[in-house]
Visitor: 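Pasting a structure here, questions to come.
Chain A is the first sequence line, chain B the second, and so forth, proteins listed ahead of strands; every chain is numbered from 1.
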Amino acid sequence: MSKIDWLWLGGAAVWLGFGAYLVLLARRQASLERRLAGLETSVRSGNDLPAEES
Amino acid sequence: MDALPLLRLGHVAKFYGSRPIFRNVTLELKAGEILHLSGPNGSGKSTLLRVIAGLSRPSAGELELRLKSGARIGYLAHQTALYPQLTAKENLLFWSRFYKVQPSAKKGLEESLNDALRRVGLEKLAQATSGTLSRGQAQRLSLARLLLLEPALLLLDEPDSGLDEKARELMEREIAAAAERGAGVIRVGHGREGVAKARRAELRPGQGLYFYEPAAAPC
Amino acid sequence: MLKGALILCRKDLALLAGRGGGLVQALLLGLLLIFIFSLTRGPGEAVSPQAAAAIFWISSLFCQVLLFTALYALEESDGQRQALLLAPLPGQSVWLGKALAGLTLLGLAQLVFLPASVIFLGQGMSGSIPGGLALILLTDLGLAALGSMLGALAQGGANQAGRNGPAARESLFSILAFPLLLPLLLAGIRTGAALFAPAAGLEDYGDWVRLILACDAVFSGAGLLLFGFIYDSRE
Amino acid sequence: MRDELTAINANRAKSARAGAGLGALNLVLLLAGGLAMAASQWAIFVHAPEEQVMGLTQKLFYLHLPLAWWGLVSFLLAGLAGAFYLAKRTPGWDALGAAALETGLLLAGLALFTGSIWARTAWNTWWTWDPRLSTALVMCFIYAGVLAVRRLDFSFERRASLSAVLSIVAFADVPLVFFSARLWPRTIHPSIVGNGGLAPEMLAVLLFCLAGLGVFWLGLVLLRCRQALAEQRLERLQILNGENHE
């Protein structure tokens, strides 16, 4: 592995790392939205929803 | 009895997350008064006691405690707060050390420990490790732990659960004695047992406290 | 604050050192580690002072894991923590009481680990004994300050710890304690090595002592300021 | 009784409106950050002169330093968010804390990876007791531990309080780790990675990379923070639905 290869490896790792994290976030967001939507319909009407305790 | 109430609750509510446990609880308790609190399971009686004891923050409403400085709160929960490997007397000794237990009158600390054990009928089991006590005995030892501190406010969560007849009498006598001494008592229980003198209230889910007239015989 | 802490500490020592098996169990684990690590040296080979000091401190750390989880488990068996919160003492005195108890128990255990290291790992004690022991105690202060904090942390809310189970408590304590305590571990190893056999070079231990004092200050400060937030049952 | 509910629903609507505003800002930050980093990649190779001693591998430095720097800033943010949560107990601070922790761990991890490649090319060993490298490693262990605590099954307040306290303690521990790592190698003079004298162009490129990653990092933290707020909302709804009874 010559020096230039290491450089490529380093650069690629950083971009791949960010990419993988963004994909992970996107997937988690999708499942969150699906479950939120499911829950909101089964809970009584939205505006009568007590929020987090003070 | 001084006119000012010992304890005042105004529209107190408690949520778990966003699920209401109890709402709109308003109550005034004077020194020397006993309140018998009943209500269906899950109506939040135990949680209300925890809120009054200061172990749990109310989600809404005000809670006002007028305790003279140094006055203490005694909270008897289902859990006894006893160390299984310590003997009955050592348990009392440990908990009493946190409170400046002035041996009443000329009696020494040793004397007041024995006295506390005698009042709950455990004087013979002083050296028994509390792990070997039965549920009822442990409950009485835990009550002794509280009586030793002569609390100004006594909160009892089903104090007579698991007690036999004789132990129940001892318990009632001690609660009445505490009230005589000027302590405010709130005891949670089912049904109508307990001294007639007590005020009665029912914690109804979502509506707060419903007070029975002392004369009326509740169901 | 100190009065409440001392009452608690006395009770804990009576329970863990006296009746309960808490101290014995932690002691055995440490001894076992020292013995097992002694297998790393071939017959006749000597273990370097630094390696021996590292083994000594690693055993002390594992011993501390058991001690502090046991110390805080005492208050979880039947609602004792709730009663402690109702007692008229500031939250920090629970932290201080448990830290003092843990420090005493760890010290007792180390009184056995030290000779064990000399025997199993073939070490002399040619460094300055009083100086070395003082440094061990100073390092233990930091270990106990953070250990008492992490012990409370693993206890969960009213009964949440139950849901995570005791195993979660010990592992949680370890995965947080070891990296956080690394500076103390390094300092302990380097000064410990000097106790076993003072290195020829004039290594300046002043820096290490200053580091140990800094760790003690940071961890004690964290205990005093932050303990109240994690040791309450006021959901 | 009515006012109690309306007050609660009022701040719920407020956070919903804020959520929408954040969405737009978030997108801008992420895009701008991404573009800036791409541009910096170009600048590293074209604009920055090649360093005589280490040659090409020195260019990895333009990536490694910003990662380590913003990772540290992330952990500082997590500590501050923790302090604010303990003071104010509003769930928003916990969400920001969680976002900062996770993003910080990602950046520190990448910094560690590029750092070890740097060590590999500079001293052809994967690991040396370079103070910054070992501090980054220990920080990764500590913050991975903190994130593990967040995944345990605690009530919301419990998890938030524990995470806040740990974030503060962890950040206070970083300088201690750094100094001990510097003292540890027996060599008296600590090995300083040669980033002392930087040619002006190099410095310009470095600052550009730093700024680019900074914008991207901010976008990342905001994105994760909004997701944490959604997770909190989900948890509340589940409780309301009685899915996990007390």
Visitor: Which atoms of L89(C) come close to chain B, meaning under 4.5 Å heavy atom to heavy atom: side chain ones, backbone ones, both, or neither?
Guide: side chain

Visitor: Which atom pair, heavy atoms only, marks the closest approach of Q80(C) to P84(B)?
Guide: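 Shortest heavy-atom contact: NE2-CD, 4.4 Å.
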
Visitor: First locate atom CH2 of W95(B), then atom CG of L86(C), and finally report the distance between them rounded to the nearest 0.5 Å.
Guide: 9.0 Å

Visitor: Does F178(C) have more than 12 heavy atoms from other residues, nucleotides or ligands lying within 6.0 Å of its CZ?
Guide: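 Buried by this count: over 12 neighbours within 6.0 Å.
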
Visitor: Please check if atom CZ in R119(B) has more than 12 non-hydrogen atoms from other residues, nucleotides or ligands closer than 6.0 Å.
Guide: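 Count over threshold, so yes.
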
Visitor: Mind ranking V51(B), L86(B), I73(B), T129(B) by heavy-atom pairs under 4.5 Å with chain C and telling me who comes out on top?
Guide: L86(B)

Visitor: Heavy-atom cut-off 4.5 Å, strictly under: side chain, backbone, both or neither for L93(B) against chain C?
Guide: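 Neither part; nothing is under 4.5 Å.
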
Visitor: I need the R97(B) CZ to L8(C) CG distance, nearest 0.5 Å.
Guide: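 Rounded to the nearest 0.5 Å, the CZ-CG separation comes to 11.5 Å.
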
Visitor: Side chains of Y83(B) and D78(C): closer than 4.5 Å at any heavy-atom pair?
Guide: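 Answer no - side chains too far apart.
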
Visitor: Kindly say whether N91(B) contributes a backbone atom to a donor-acceptor pair with the side chain of K11(C) at under 3.5 angstrom?
Guide: no

